[in-house]
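Both backbone and side-chain heavy atoms feed into the values below; hydrogens, waters and symmetry mates do not. Quick note on labels: first sequence line is chain A, next is B, and so on, each numbered from 1.
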4 protein chains.
Amino acid sequence: MINKVTLVGRLGAEPEVRTLENGAMVAKFGMATSESYRDKAGEWQEQTEWHDVVVWRALAERAQEYLKKGSLIYLEGKLTHRKWQDKDGNNRKTTEVVGSYYRVMPTAPRSGGSSNYMPSEEPAATMSTPPPKSPTAASPANPPSTAAPADDSEDLPF
Amino acid sequence: MINKVTLVGRLGAEPEVRTLENGAMVAKFGMATSESYRDKAGEWQEQTEWHDVVVWRALAERAQEYLKKGSLIYLEGKLTHRKWQDKDGNNRKTTEVVGSYYRVMPTAPRSGGSSNYMPSEEPAATMSTPPPKSPTAASPANPPSTAAPADDSEDLPF
Amino acid sequence: MINKVTLVGRLGAEPEVRTLENGAMVAKFGMATSESYRDKAGEWQEQTEWHDVVVWRALAERAQEYLKKGSLIYLEGKLTHRKWQDKDGNNRKTTEVVGSYYRVMPTAPRSGGSSNYMPSEEPAATMSTPPPKSPTAASPANPPSTAAPADDSEDLPF
Amino acid sequence: MINKVTLVGRLGAEPEVRTLENGAMVAKFGMATSESYRDKAGEWQEQTEWHDVVVWRALAERAQEYLKKGSLIYLEGKLTHRKWQDKDGNNRKTTEVVGSYYRVMPTAPRSGGSSNYMPSEEPAATMSTPPPKSPTAASPANPPSTAAPADDSEDLPF
DNA sequence: TTTT
DNA sequence: TTTT
């Protein structure tokens, strides 16, 4: 069975990075993908989807270092859903894309000015070793297994 | 920007098909993708994700005809999120994969017995013409534009 | 069955555009994807693959207009192979990626200078109607295609 | 940059497995993907593409064990091209899909008979550690890869 | 919440 | 809620 998500979009804010008690690092960020279409009136409209993304370990470390608000990235991951209850006892559902690979795309800086363009010296982040499945409490958790692809990238001219 | 989901998994039930007032047909179904992994104790565990899938128009018509409970399908689509309020005024969020293409995989029937195996005579369903954007009421809606690829498949021996 | 290729890379030159006798427009271009890796000596090496890409009809028209030498694009297509004989009667094989969708990425211009940055006003090009499979002579022919992949995971709570 | 191929198709024959002098195991096999389309006369035609696939190391070992002639598999990899000269000094080009992940799909056996259905106990094969890029002779060499696609849409309420 |  |  296959469960794969591929996104090319921008971060809405800096990644939120945390280190769990077990030492595992996690980074979360919102990522926007937009598409344009013409409405019935022939006007161009833009539709934006905001995706919650989570990356672990090495990917999280790199996220902290390389991902910024506004960064345009290529991301692969899987679609996960968790159920939980809020303090009022309501059933809630959270959907997250658990990233297994991402790549910063060369961004077009606003002309002039010192580009904060981050040349992807970082030869792409991939998750090869899945984090340990912590069967412990509070864990809405979710695991690995099917494993993934690899690949990567770069940028500059010719 | 790219927003793509690829799943290979099974339907949990028959698709629910409806025809809207404007004549557009919609089909919804839950789709499971599972992956196995070894837990710390070395035991095999299975983790299943249930995805809400929606397909429109021609894809919906074909879903009604070809997709069954238990069908193994390959599906491509995009990830969409809608916000709404329940009757208690709570903010809710729904995530759906809006399918743009799917393909029934040849399924392994339980040995013996007349297989309800549906040989994919159906040369794959693709959505080429996006449904009209109805900006009207009640519409948690969501639109087209970036459009997609097409392709397909078959099964038989060699 | 699924046959899908996804590339993010740069054009090595302007697309070569032609119009066949039947009026169909075709565009061809080479596209490079590079990846970096460390060799045994620990040195960073870059490995570049050059892919022959072909797009038809509306995609070809748009290619002529929007794709330039050096353009960074996201491309989806399918992998096709053709056999033919050169004038010496040798059997030759040509592999091409027949594009069904592409998207120009905002490119990072070399700092300074007037950016030849082509703001993707072009809301993406897709091929909905595949060109007719012309089994005849000289025909670079071919139809459509689709699909994608797997990945993996992580675990803990939040 | 992204270079990703995704195929769902069947093996034309048993994989050819070899072990190189350096101990690395390689498996090669042809994989067919077919698609149906209507020709101008309205007749259904089937177009089959045969892809050369190579997998390394653990993937090769698993190929030897699990992949059979006729196996239906989901495969991810990257597209590579090599140039070489035949004994007549002609320049030749070989294109191969270097697999980084594959998954055997449950196959529909011809009814009756003991199904050679191979229940994917095999929790999928992935290549995390790419084989060393051996720029040397005889080396069908190469590393890993990734990525995927776009799609589209629908609209109305529910 | 990004970006053009 | 599927499936093995």
Side-chain angles (χ1 to χ4, degrees), chain A residues 1-3 7-16 28-36 44-53 67-75 81 83 104-111 116-117 145-146, chain B residues 1-3 7-16 28-36 44-53 67-73 75 81 83 104-111 115-117, chain C residues 103-109 115 117-124, chain D residues 103-109 115 117-124:
Chain A
M1 260 121 154
I2 304 298
N3 172 356
L7 304 173
V8 176
R10 302 193 110 98
L11 273 74
E14 301 286 303
E16 273 179 50
K28 295 197 167 198
F29 52 87
M31 193 174 155
T33 56
S34 310
E35 54 178 323
S36 305
W44 280 106
Q45 298 293 148
E46 192 175 75
Q47 172 77 5
T48 299
E49 295 289 342
W50 281 98
H51 311 98
D52 288 329
V53 179
L67 303 188
K68 306 293 175 208
K69 174 175 177 174
S71 292
L72 177 65
I73 68 170
Y74 170 98
L75 178 130
H81 313 94
K83 279 174 183 152
V104 180
M105 307 297 294
T107 21
R110 309 68 166 139
S111 63
N116 74 328
Y117 161 51
S145 161
T146 192
Chain B
M1 261 122 153
I2 305 298
N3 172 356
L7 305 173
V8 176
R10 303 192 110 98
L11 272 74
E14 302 285 305
E16 274 179 48
K28 296 198 166 197
F29 51 88
M31 192 173 155
T33 56
S34 310
E35 52 179 324
S36 305
W44 278 104
Q45 299 293 148
E46 191 175 75
Q47 173 78 4
T48 299
E49 295 290 341
W50 281 98
H51 311 99
D52 289 329
V53 179
L67 302 188
K68 307 294 174 207
K69 174 175 178 175
S71 293
L72 177 65
I73 69 171
L75 177 129
H81 313 94
K83 278 171 182 153
V104 180
M105 306 297 294
T107 18
R110 307 68 164 142
S111 63
S115 160
N116 72 330
Y117 161 51
Chain C
R103 187 86 189 76
V104 181
M105 308 297 295
T107 19
S115 162
Y117 161 51
M118 207 277 301
S120 306
E121 298 307 351
E122 169 210 31
Chain D
R103 185 88 188 74
V104 181
M105 307 297 295
T107 21
S115 161
Y117 162 51
M118 206 276 302
S120 304
E121 298 307 351
E122 169 209 30

Using 0.5 Å steps for rounding, measure from the CD1 atom of B:Ile73 to the CE atom of B:Met105.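 One finds 10.5 Å between CD1 of B:Ile73 and CE of B:Met105.
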What distance do B:His81 atom NE2 and A:Asp52 atom CG have between them, rounded to the nearest 0.5 Å?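 B:His81 NE2 to A:Asp52 CG: 7.0 Å, rounded to 0.5 Å.
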Can you tell which of F:dT1, E:dT3, F:dT4 lies closest to the side chain of B:Trp50?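 That would be F:dT1.
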Atom-pair distance ([atom1] on [X]; [atom2] on [N]), nearest Å:
X: A:Glu49; N: E:dT1; atom1: CD; atom2: C1'; value: 14 Å
X: A:Arg10; N: E:dT3; atom1: CZ; atom2: P; value: 7 Å
X: A:Gln45; N: E:dT3; atom1: CD; atom2: P; value: 21 Å
X: A:Ile73; N: E:dT2; atom1: CD1; atom2: P; value: 16 Å
X: A:Met1; N: F:dT1; atom1: CE; atom2: P; value: 16 Å
X: A:Leu67; N: E:dT2; atom1: CG; atom2: P; value: 16 Å
X: A:Gln47; N: E:dT1; atom1: CD; atom2: C1'; value: 15 Å
X: C:Met105; N: E:dT2; atom1: CE; atom2: C1'; value: 14 Å

What's the verdict on side chain to side chain contact (heavy atoms under 4.5 Å, CB included) for A:Leu7 and A:His51, showing C-alpha distance, side-chain angles and the deciding distance? CA-CA 9 Å; A:Leu7 304 173; A:His51 311 98; 3.9 Å; yes
Heavy-atom closest pair, residues A:Gly9 and A:Thr33: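 Of all heavy-atom pairs spanning A:Gly9 and A:Thr33, the closest is CA-CG2, 4.3 Å.
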